[in-house]
Amino acid sequence: MIKKAELKQKLKVMIVQSLNLEEIAPEDIQDDDVLFGDKFGLDSIDAVELVFQIKEHFGVEIKNMNEGRPALQSVSTLAAFLEKRMNP
Amino acid sequence: MRIGIAGIGVVGGFGCGHPALLRALKKGSAETAWKTIRTAGGDMEVPALCADTSALADYVPLRTLRRNDHYTRMALLGSFLALEDAKIPPGEALHRMGIIVATGLGSTCNTLDFEDIMSGKNAVCSPTLFSNSVHNAAAAHISIFLKSGGPNLSVNQYELSVPSAFMTACHWLREERTDTVLLGGVDEFSKVGAYYRFNCEKSGKSGKSSPPVGEGCAFFILTSDPEKIRYGYIEDAFAGICPAETMEDSGLHPLMNGISHCSDLWHRPPSGVSGGLCSTPLQEKSGDLPHCPVEMGENTILMCDRETYEKTAAASLRIKKTARKTDTAISCSRLYGSLPVAMAFDIAAAGLIIKEGIRNLPADLFLHSPGDISPAAPVCCLKIRENNELGFVRLLPLHPLFPAKKGVKV
C-alpha cells in the first residue's frame, strides 16, 4: 500500500507536470493549498485535465461533480479521496 | 504595388533567430541531434534537427504558455522574432495585420497521441491534448497572444502550403484587406517520418546524403510599404498543378515553364489548370507571355531540395544544360532538415542572402558546381511534387536594377 506522504508527493508531481506549471515546483504546493484559487491560477479545464490524469495514473474515475468538487479542493482532500477509492 | 519582406523570425535545428540561420548558412551545416522514438519493435534512435523554444520566455511569461504544445510554441516564437525583426513593437494595434500559418503536418504528434487515446477506447481524454490536436491551433494562439483582430488563416497543402500561403498573403495586401501579413511555415518533428526514413536508409532505399527529419518554423512580415522592406521583393508566388499538355503549348517543359508563367496562370488560367488560387497577378506582365522563354539563365539562384533539383535537371536536356552550367542551384536542407514547409526556410535563407549581400557560400550547399553568387540575382525557391504539382516563391533583390516598375523580365 502506498504511504500517504508518498501519495501526496506523487500527486504534486502529477499536478505540476500534467498542467505544465512551469514556474511552480512540486515543493511549492502545500498539502492544504486551495488548488483552484489565485495561487496557482487553475481553472475548469485544469479540473477536467486532472480528472483525466487521475484516471491515467491511479485508475480511479471521478464520475461527476459531486465527487470531484470536494476531492479536488487540495492535495490533502485528493489524497484522502484516492485512498478511500483505492482501498475500499 | 510591390510586396516585400520586412522581418524574418526563424527557429530550427540550426538555432533560434535569423543570426543563427545566417551562421549556419555561412558554415554550411547544422549540428544533428539524436532523438528517441518509441516503436512497436522497441525504442529507436534517429537523427533529427530539432528546435528549442526556450527563448520564448523572453517574450511571454511561461505560465501563459502552459497549454501550448511544442508546435504552437515554435510558431509563437517565430512570430515574436519576426515582429521584433520588423521593429513592430509588442502591443502595437495589430487590427490591420493578417496572420497566415502554413503547415504540412500540423500538430501531427499530438493528433497521433490523441488518436492513440481514442483508439484505446478511453472514456476520458485530455482536454489540453484535444485542443492542440487541430491544425489551426498555432494560428489561433498567435492571434490570441498578439491580440490581433485581422484575418487569420491556416493553410494545409503539404509541401505546397508555403507558396500557397504567400499567394494568399499577396492577395490580401493587394486587396488592402490588411496593411501587413505575418506569414509563417511550421512543422513539428514527425515520428512517423523519422521511422519511415530510418527504415528506408536501413534497407538502402534512400541516399545517405538525405538530410535528417527536421522541425521548426520560419515567419515573415510581409508589407507593401517600401520603407520597411529589407529582405527583397516578392515577384511571384504560385502553388498549383500545371498539366503537361497546357504547358507544352509553348514548346517548353511544363515544370520549368511554370516558373516564368505563373503570373499568366493567375491572370488567365489556361484550361485544365487546377489548384492554386488563380486571381489577379502580383505584377502585370506584358502581352508577350506566350513567347516568354524559361529564364532560369545566368542570373537566377534556384533554391530547392535535391529531389526537386533532380526533377528540374531531368526535365529536359535544354533545361538540364542551362541549370547545370549557368544557374546557381543551392540546397540548404542540411541546415534545417527534411520537413514539408522546408520552402519557408529557403525563403528565409534567400532573404538573408539578399539583405546581407552574400557572395560566397560553402561548396556543400551547391547542387552543382559552386560559384560566386550575383548580388543582383533573383532567387527562386521551388518545390516540385508528383503529377506536375509545383510551387514557388520568387524574390527580387533590393537593387537599383529592379525598381518598382511593371513587367520586369529577368
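Sequence lines set the chain letters: A, B, ... in the order given, protein chains first and strands last, and positions in each chain run from 1. In this text the structure is predicted, and so the values were computed from the model without any measurement.
Minimum interatomic distance between A:Gly41 and B:Arg66 (heavy atoms only, all atoms of both residues): O-NH2, 3.6 Å.
Atom CG of A:Asp38 has 12 or fewer heavy atoms from other residues, nucleotides or ligands within 6.0 Å. Annotation for B:Tyr195: atom OH does not count as buried by contact number, only 12 or fewer foreign heavy atoms lying within 6.0 Å. Counting heavy atoms of neighbouring residues, nucleotides and ligands inside a 6.0 Å radius, atom NZ of A:Lys39 exceeds 12 of them.
Interatomic distance, CG of A:Asn20 versus CG of B:Leu62, reported as 10.5 Å (0.5 Å rounding).
With chain B as partner, the option from A:Glu23, A:Glu49, A:Gln53 having the largest number of non-hydrogen pairs under 4.5 angstrom is A:Glu49. Per-residue counts of heavy-atom pairs under 4.5 Å with chain B were compared for A:Leu21, A:Ile24, A:Asp46; the largest is that of A:Asp46.
Using a cutoff of 4.0 Å between basic side-chain nitrogens and carboxylate oxygens, A:Glu22 and B:Arg67 are not scored as salt-bridged.
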